[in-house]
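For reference, the structure is listed below as structure tokens.
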Amino acid sequence: MNVVEQVQAKLKEEIKAAVLKAGLATEEQLPDVILELPKDKANGDYSTNMAMRLTKTAKKAPKMIAEELIANFNQSKASIEKIEIAGPGFINFYMNNSYLTELIPVILDAKDSYGASDFGKGEKIQVEFVSANPTGDLHLGHARGAAVGDSLCNVLAKAGYDVSREYYINDAGNQINNLALSVEARYFQALGIDKEMPADGYHGEDIIGIGKKLAEEFGDKYVNMDEQERFDFFREYGLKYEMAKLKQDLENFRVGFDVWYSETSLYQDGKIDAALAVLKENGHIYEQDGATWFRSTELGDDKDRVLIKQDGSYTYLTPDIAYHRNKLERGFETLINIWGADHHGYIPRMKAAIEALGYNREQLEVEIIQLVHLYKNGEKMKMSKRTGKAVTMRDLIDEVGLDATRYFFAMRSADTHMDFDLDLAVSQSNDNPVYYAQYAHARISSILRSGAEQGISFEGVTDFTAVSSEKEIELLKKLGEFPQAIAEAADKRMPHRITNYIFDLASTFHSFYNAEKVLDADQLDRSKARLALVKSVQITLKNALALIGVSAPEKM
RNA sequence: GCGCCUUUAGCUCAGCAGGAUAGAGCAACGGCCUUCUAAGCCGUCGGUCAGAGGUUCGAAUCCUCUAAGGCGCGCCA
């Protein structure tokens, strides 16, 4: 707990004590104390709506309750300067904010770890995201999912959760057969031999590239080979090539995974049969029309689902159920899946499966990433993997820039539909809010450099009471909010809240910067204290940007 | 037809599980660099929070209905 949290906790405690002492409510009736940060400074540093919430139990007017509460409030223990009743019955606290300067040494000392908390109490959470089929390039939607997923994981980890990031590799099933046939066709075509693409083939540029590469490397070696042997080779080669590329692309996007989980391994380890056995044992399975069904309608789905098709093969759902069972068996208390909006209809059956396996359906959370629509030359671009005309994640990063792309996706809540105007993002890239935040960081770096040149340093300074102007107090308050901002973003699975925080902090800093000068040889003590303040801002900004995978440049 | 998502300033979006006069950015307009980075700051303009009911001290926020747009509803993945 930092100073800010301590003060808040103390305030809440005193409010509670005052309510009880005034006899406004019994211990059982007492609602949780809600402390708000008033938007308008005129309403104090903190305010509580306690008086309004007690109108029912106390059977009195809110203002009267507020007066009684204040009369019984022990003011001596907290750094309170003034208490006022305002509006319909708000109790506003005006603080002596000098205690906030205690934050500075705390942040300087914590460095990279500032913002961390034990909010999550080490809860084991598994986050599965991207999980794109290895059959083509990552496109816009994957990029959004990757940015949101990675940011969420960072935020969860910082807030004290034990996070595992996983990518489920769909390396079994039809789409991989189609991949093999597509690679085969492109290989023949690269050699000038006419060969048709399979009906559900993958038409992406990357597959054409594989074909060319194979033709260059191996010539016509595979043309007259046994068909099955050739198929197996192309399948294996295509898969490896695609996976390597996916990993590289994600790495370039600053997105990493702890576990790459292979669907094929579920077959090999007998995990699918094991999962089916559990479902059967629990009475959720029946046979009909030569297929094996999951009676998911009993668990909230709108249709029963086929698990084993007439031809004996599994549907997509079956290994996925086995994978989710495996996740739970590994001891994760919560599973978060980040899916594209086109898969949202899949949620009820997966939740049904979790329940059918004997777990709590609430353990599975699904975050839906809404569609991204790309606009270029004022026209909406269609995204289709099949035709291969989709804009890839790589294209996007090349055009817009890595930091801007990450920030842009992180900025919006995942469940809003998103229009991405490429022309705007490229032509006005300097207007992107990411630069606003990075600029604040670079400015601070510049001040620190100047300080070093002038021989002014905050090393050894222990008294920061010189930090006391209005702008400085605002900065300190903002700095103090950081751990809570992270905890809240984690709790609500809303990483975009972090960009709000970043913007606020950068804005508060820019405002301070324009109002007050940090380095002043005539006021050495104040300069040193301000230098330390500014350094704290830099640390916090950098940590916040790191959460969303954005760099913090020293110069711009 | 059913389900999920969205609807807030001219445009793109925030709005912290119900709070005080609904906020930013861009766009428009007016100021601020002999001083640590003007990719910045300060100000002005701009709103029937899609619409209608309901819940209560109090609703952009919660509930119901309606409208508009998007996405899903396979023995595809």
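Hydrogens, waters and symmetry mates play no part in the numbers below; they use all other heavy atoms, side chains included.
The nucleotide B/rA38 finds no pairing partner, because no Watson-Crick or G-U wobble arrangement with both distances shorter than 3.5 Å includes it. With a 3.5 Å ceiling on both atom-pair distances, the Watson-Crick or G-U wobble partner of B/rU64 is B/rA52. The base-pairing partner of B/rC26, taking Watson-Crick or G-U wobble contacts with both distances under 3.5 Å, is B/rG10. When Watson-Crick and G-U wobble pairs are counted only if both distances are under 3.5 Å, B/rG3 pairs with B/rC71. The partner of B/rG47, taking Watson-Crick or G-U wobble pairs whose two distances both stay under 3.5 Å, does not exist in any strand shown. Of the nucleotides present, none pairs with B/rU21 by Watson-Crick or G-U wobble criteria with both distances under 3.5 Å.
Comparing A/Leu519 and A/Pro62 by the nucleotide of RNA chain B that holds the closest heavy atom to each, the one mapping nearer the 5' end is A/Leu519. When each of A/Phe503 and A/Arg412 is assigned the nucleotide of RNA chain B bearing its nearest heavy atom, the one mapping closer to the 5' terminus is A/Arg412.
Considering only side-chain atoms of A/Tyr513, the nucleotide from B/rG40, B/rG74, B/rA38 that sits closest is B/rA38. Residue A/Asp415 has its side chain nearest to B/rC5 when only B/rC5, B/rC57, B/rC36 are considered. Considering only side-chain atoms of A/His510, the nucleotide from B/rC13, B/rA20, B/rG40 that sits closest is B/rG40. The A/Thr55 side chain lies nearest to B/rC57 when the options are B/rC57, B/rA77, B/rA20. For A/His344, counting side-chain heavy atoms from C-beta on, the closest listed nucleotide (B/rC36, B/rA20, B/rG72) is B/rG72.
Contact check, A/Arg443 against B/rA38: a side-chain N or O comes under 4.0 Å of OP1 or OP2. For B/rC76, the OP1/OP2 oxygens have no side-chain nitrogen or oxygen of A/Thr315 closer than 4.0 Å. The side chain of A/Arg53 contributes no N or O atom lying less than 4.0 Å from OP1 or OP2 of B/rG18. Close to B/rA14, at under 4.0 Å from its OP1 or OP2, lies a side-chain N or O of A/Thr416. OP1 or OP2 of B/rC41 sits under 4.0 Å from a side-chain N or O of A/Tyr436. A close approach under 4.0 Å does occur between a side-chain nitrogen or oxygen of A/Lys309 and OP1 or OP2 of B/rA77. For A/Lys39 and B/rA20, the shortest distance from a side-chain N or O to OP1 or OP2 is below 4.0 Å. Close to B/rG40, at under 4.0 Å from its OP1 or OP2, lies no side-chain N or O of A/Tyr435.
For A/Lys471 and A/Phe512, the positive end is not near the middle of the six-membered ring at less than 6.0 Å and at most 45° from its axis. For A/Arg349 and A/Phe294, the positive end is not near the middle of the six-membered ring at less than 6.0 Å and at most 45° from its axis.
Within 4.0 Å (heavy atoms only), A/Ala86 reaches at least one base atom of the nucleic acid. Nucleic acid contact class of A/Asn43 (heavy atoms, under 4.0 Å, all strands): base. A/Gln310 comes within 4.0 angstrom of a nucleotide base, judged by non-hydrogen atoms across all strands. Residue contacts for A/Ala341: at a heavy-atom cut-off of 4.0 Å it reaches the sugar-phosphate backbone alone, with no base atom in range. Counting any heavy atom pair closer than 4.0 Å across all strands shown, A/Lys555 reaches a base atom. Heavy atoms of A/Asp419 sit under 4.0 angstrom from primed sugar atoms or phosphate atoms, though from no base atom. A/Met411 comes within contact range of no nucleotide atom at all, as no heavy-atom separation falls under 4.0 Å. Base contact: A/Glu36 has a heavy atom under 4.0 Å from a base atom. Counting any heavy atom pair closer than 4.0 Å across all strands shown, A/Asn174 reaches sugar-phosphate atoms only and no base atom. Residue A/Glu263 is out of contact with every strand shown, counting any heavy-atom pair closer than 4.0 Å. A/Ile368 comes within 4.0 angstrom of nothing in the nucleic acid, heavy atoms only.
Here the P atom of nucleotide B/rC75 and the CG atom of A/Asp311 are 12 Å apart, to the nearest Å. Between the CE atom of A/Met418 and the P atom of B/rG69 there is a distance of 23 Å, given to the nearest Å. Protein atom CG of A/Asn432 is 17 Å distant from nucleotide atom C1' of B/rA27, rounded to whole Å. Here the P atom of nucleotide B/rC57 and the CZ atom of A/Phe90 are 15 Å apart, to the nearest Å. Atom OH of A/Tyr316 is separated from atom C1' of B/rC76 by 11 Å (rounded to the nearest Å). Residue A/Glu554 contributes atom CD, which lies 15 Å from atom C1' of B/rC36 at whole-angstrom precision. With rounding to whole Å, A/His139 atom NE2 is found 12 Å from B/rA77 atom C1'. Across the protein-nucleic acid pair, A/Leu37 atom CG and B/rA20 atom C1' stand 14 Å apart, rounded to whole Å.
Taking the six-membered ring for Trp and the full ring otherwise, the centers of A/Phe503 and A/Tyr436 sit less than 6.0 Å from each other. Between A/Tyr261 and A/Tyr323, the ring centre distance stays below 6.0 Å. Taking the ring centroids of A/Phe420 and A/Phe408, they lie under the 6.0 Å cut-off. For A/Tyr267 and A/Tyr314, the distance between ring centers is under 6.0 angstrom.
Remark: ring of A/Tyr439 not stacked against base of B/rG40; the cut-offs of centroid gap under 5.5 Å and plane tilt under 30° are not jointly satisfied. Look at A/His343 and the base of B/rA77; the rings stack, centres closer than 5.5 Å and planes less than 30° apart.
Not a single donor-acceptor contact under 3.5 angstrom links the side-chain atoms of A/His373 to the base of B/rG70. Residue A/Asp342 places no side-chain atom within donor-acceptor reach of the base of B/rG72, judged by atom type and a 3.5 Å distance cut-off alone. One N or O donor and one acceptor, one from the side chain of A/Ser47 and one from the base of B/rA20, sit under 3.5 Å apart. Under 3.5 Å, the side chain of A/Asn92 and the base of B/rA20 form at least one donor-acceptor pair of N or O atoms. Judged by distance alone, with hydrogens and angles left aside, A/Asn49 brings a side-chain donor or acceptor within reach of the base of B/rG19, the pair sitting under 3.5 Å. A donor and an acceptor atom sit less than 3.5 Å apart, one in the side chain of A/His417 and one in the base of B/rC5.
Ion pair A/Lys477/A/Glu474 not flagged as a salt bridge, since none of the NZ, NE, NH1 or NH2 atoms sits closer than 4.0 Å to an Asp/Glu carboxylate oxygen. A/Arg530 has a carboxylate O that lies under 4.0 Å from a charged side-chain N of A/Glu472, or vice versa, which qualifies the two as a salt bridge.
Applying the ring-ring contact (aromatic ring centres under 6.0 Å, His included) test to every pair with at least one member in residues 31-65 of chain A, sequence neighbours left out, gives no pairs at all.
Taking atom C1' in both B/rG47 and B/rU8, the straight-line distance is 8 Å, to the nearest Å. To the nearest whole angstrom, the two C1' atoms, one in B/rG30 and one in B/rC36, are 28 Å apart. Atom P of B/rG15 sits at a distance of 26 Å from the matching atom of B/rG58, rounded to the whole Å. Nucleotides B/rG3 and B/rC45 have their P atoms positioned 46 Å apart, rounded to a whole Å.
For B/rC33, the base is syn relative to its sugar; the glycosidic angle is within 90° of 0.
Here the closest heavy-atom approach between residue A/Ile456 and residue A/Ser527 is recorded as CG2-CB, 4.3 Å.
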